[in-house]
Amino acid sequence: AGWPSQGRIHVQDLRAGYAVDLPPVLNGVNFDVRPGERIGIVGRTGSGKSSLTLALFRFIHARTGSIKIDEVDIKNLKLQDLRSNLAIIPQDPFLFSGTIRSNLDPHGRWTDKALLDALRRVRLVAGFQDASVSLNGTLSLESPVTRTNLSQGQKQLLCLARAMISQPKILILDEATSAVDMTTDSLIQKSIREDFAGSTLLVVAHRLSTVADFDRILVMSNGQVVEFDTPHAL
Ligand code: ATP
Ligand code: MG
């Protein structure tokens, strides 16, 4: 606990790939993010946006270079410490077969009130009707989650709720590509602005307009950062 206290990110000469026998998909990435900065990440499909977010969690491995968060090189951290102290909402979240509770709070760290508050804030009560999560309008933490009973957008909302509870210093959101409905999309956009004020935000966006009010935009192409400036300057 205690790390990261600020939310500063320093990526230097990062090269990374999905397997040793595959070519790297990040080809020398360099950038710095200040504590509390809100960064939009854009670029064409296949440019490496999701790969960059995965490298921050060591889901893909750096071959050269380093990622430092608040001066700590993440390769020196225990995976559990790294992953439990940053929050990510992946493009296509992986949920465990289990319950809402086991996905929201796998280590049993939070109160029911905290869990339910977060679910209400992402409005999953209504969204989960079909998954028979809502009984007489009461959300149950023990309701089942399977690989197939939630949409990609609903999975992202569940991840968002999980992130809200832990109030991370750094939040990484990789927007779903498949059509998330407009209500879900605006809910996510509103939440990252209101519920994570003060956190460092890295948001992979498919439309520049989504992140036009952010501090800086990082443009990726072919596994490299080709521009990194304020939305106004781009
Ligand atoms: P999109 O906008 O479509 O989400 P992206 O910018 O997120 O694209 P990445 O998913 O990071 O792009 O892909 C970058 C490169 O990594 C691509 O060449 C892709 O084929 C490759 N890649 C992505 N996932 C894997 C994987 N699981 N195994 C091997 N290569 C992968
Ligand atoms: Mg992607």
Side-chain angles (χ1 to χ4, degrees), residues 9-33 37-67 69 74-75 79 82-83 86-96 147 150-160 162-163 168 170-182 184-189 191-192 196 200-212 214 216-229 231 234:
I9 303 171
H10 175 75
V11 176
Q12 191 172 17
D13 190 33
L14 176 65
R15 278 161 223 278
Y18 283 84
V20 280
D21 53 344
L22 289 174
V25 294
L26 298 175
N27 298 306
V29 170
N30 292 281
F31 65 93
D32 283 288
V33 176
E37 235 187 333
R38 300 181 309 164
I39 307 296
I41 301 176
V42 301
R44 294 178 57 180
T45 185
S47 58
K49 305 180 297 296
S50 296
S51 304
L52 176 58
T53 67
L54 297 178
L56 284 161
F57 282 76
R58 282 170 47 198
F59 287 117
I60 67 170
H61 295 281
R63 293 180 193 176
T64 68
S66 63
I67 300 175
I69 296 179
I74 65 167
K75 74 166 182 276
L79 266 191
L82 173 66
R83 293 180 185 170
L86 315 181
I88 187 168
I89 299 156
Q91 195 162 15
D92 196 5
F94 172 87
L95 298 180
F96 301 105
R147 294 277 156 72
L150 303 179
S151 70
Q152 196 183 9
Q154 288 174 327
K155 288 183 198 170
Q156 285 206 316
L157 290 175
L158 196 59
C159 288
L160 190 64
R162 183 163 60 195
I170 298 178
L171 175 72
I172 295 155
L173 167 64
D174 195 352
E175 273 192 351
T177 21
S178 74
V180 168
D181 62 83
M182 270 172 55
T184 303
D185 188 51
S186 56
L187 199 58
I188 292 176
Q189 296 308 327
S191 167
I192 57 175
F196 299 93
T200 303
L201 297 182
L202 299 185
V203 175
V204 176
H206 300 290
R207 288 183 306 271
L208 195 54
S209 59
T210 315
V211 287
F214 276 27
R216 285 194 287 172
I217 309 293
L218 186 151
V219 184
M220 295 211 55
S221 176
N222 287 320
Q224 291 185 317
V225 177
V226 291
E227 301 211 57
F228 191 31
D229 212 333
L234 288 179

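For ligands, and for the atoms within them, numbers begin at 1 and follow the listed sequence. Owing to the predicted nature of the structure, the values given are computational and were not obtained by experimental measurement.
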Can you find an N/O atom of G48 closer than 3.5 Å to an N/O atom of ligand 1?
yes
Sole residue of D174, I60, L173 in side-chain contact (heavy atoms from CB on, under 4.5 Å) with T53
D174
Which option out of S50, A176, A205 puts a heavy atom nearest to atom 10 (O) of ligand 1?
S50
Specify whether an N/O/S atom of T53 falls short of 2.8 Å from the Mg ion (ligand 2).
no
Give a yes or no on whether atom 15 (C) of ligand 1 lies under 4.0 Å from any heavy atom of the protein.
yes
Students should be able to answer this: which protein heavy-atom is nearest to atom 6 (O) of ligand 1, and at what distance?
K49 NZ, 2.7 Å
Give me the residue, atom name and distance of the protein heavy atom closest to atom 19 (C) of ligand 1.
V25 CG1, 4.9 Å
Any side-chain to backbone donor/acceptor pair from Q152 onto Q91? Under 3.5 Å, distance only.
yes
If we only count heavy atoms from C-beta on, is the F228 to I39 side-chain gap below 4.5 Å?
yes
Are I188 and Q156 close enough that some pair of their side-chain heavy atoms sits under 4.5 Å apart?
yes
Atoms in ligand 1 flagged as close to R44, the criterion being non-hydrogen separation under 4.0 Å
6 (O)
Rounding to 0.5 Å, atoms CZ (F31) and CG (L52) come to a distance of 4.5 Å
To 10 degrees, how wide is the angle OE1 (Q91) to the Mg ion (ligand 2) to OG (S50)?
80°
With a 6.0 Å cut-off (strictly less than), is the heavy-atom count around OH of Y18, excluding the residue itself, greater than 12?
yes
Which protein heavy atom lies closest to atom 3 (O) of ligand 1, and at what distance to 0.1 Å?
T45 OG1, 2.5 Å
Would a 4.5 Å heavy-atom cut-off, applied to side chains only, mark R207 and D185 as touching?
yes
Shortest protein heavy-atom distance from atom 30 (N) of ligand 1, along with the residue and atom involved
Y18 CD1, 3.4 Å
Proximity winner for atom 9 (P) of ligand 1, if only heavy atoms of G223, S47, S51, A16 are counted
S51
Six-ring centre of F196, R38 cation under 6.0 angstrom, axis tolerance 45°
no
Within the structure, is a non-hydrogen atom of M220 found at a distance of less than 4.0 Å from ligand 1?
no
Check: K49 side chain, V203 main-chain N or O, donor-acceptor pair, under 3.5 Å:
no
Looking only at N/O atoms, are Q91 and ligand 1 under 3.5 Å apart anywhere?
yes
Checking the N or O distance criterion of under 3.5 Å, is ligand 1 in contact with G46?
yes
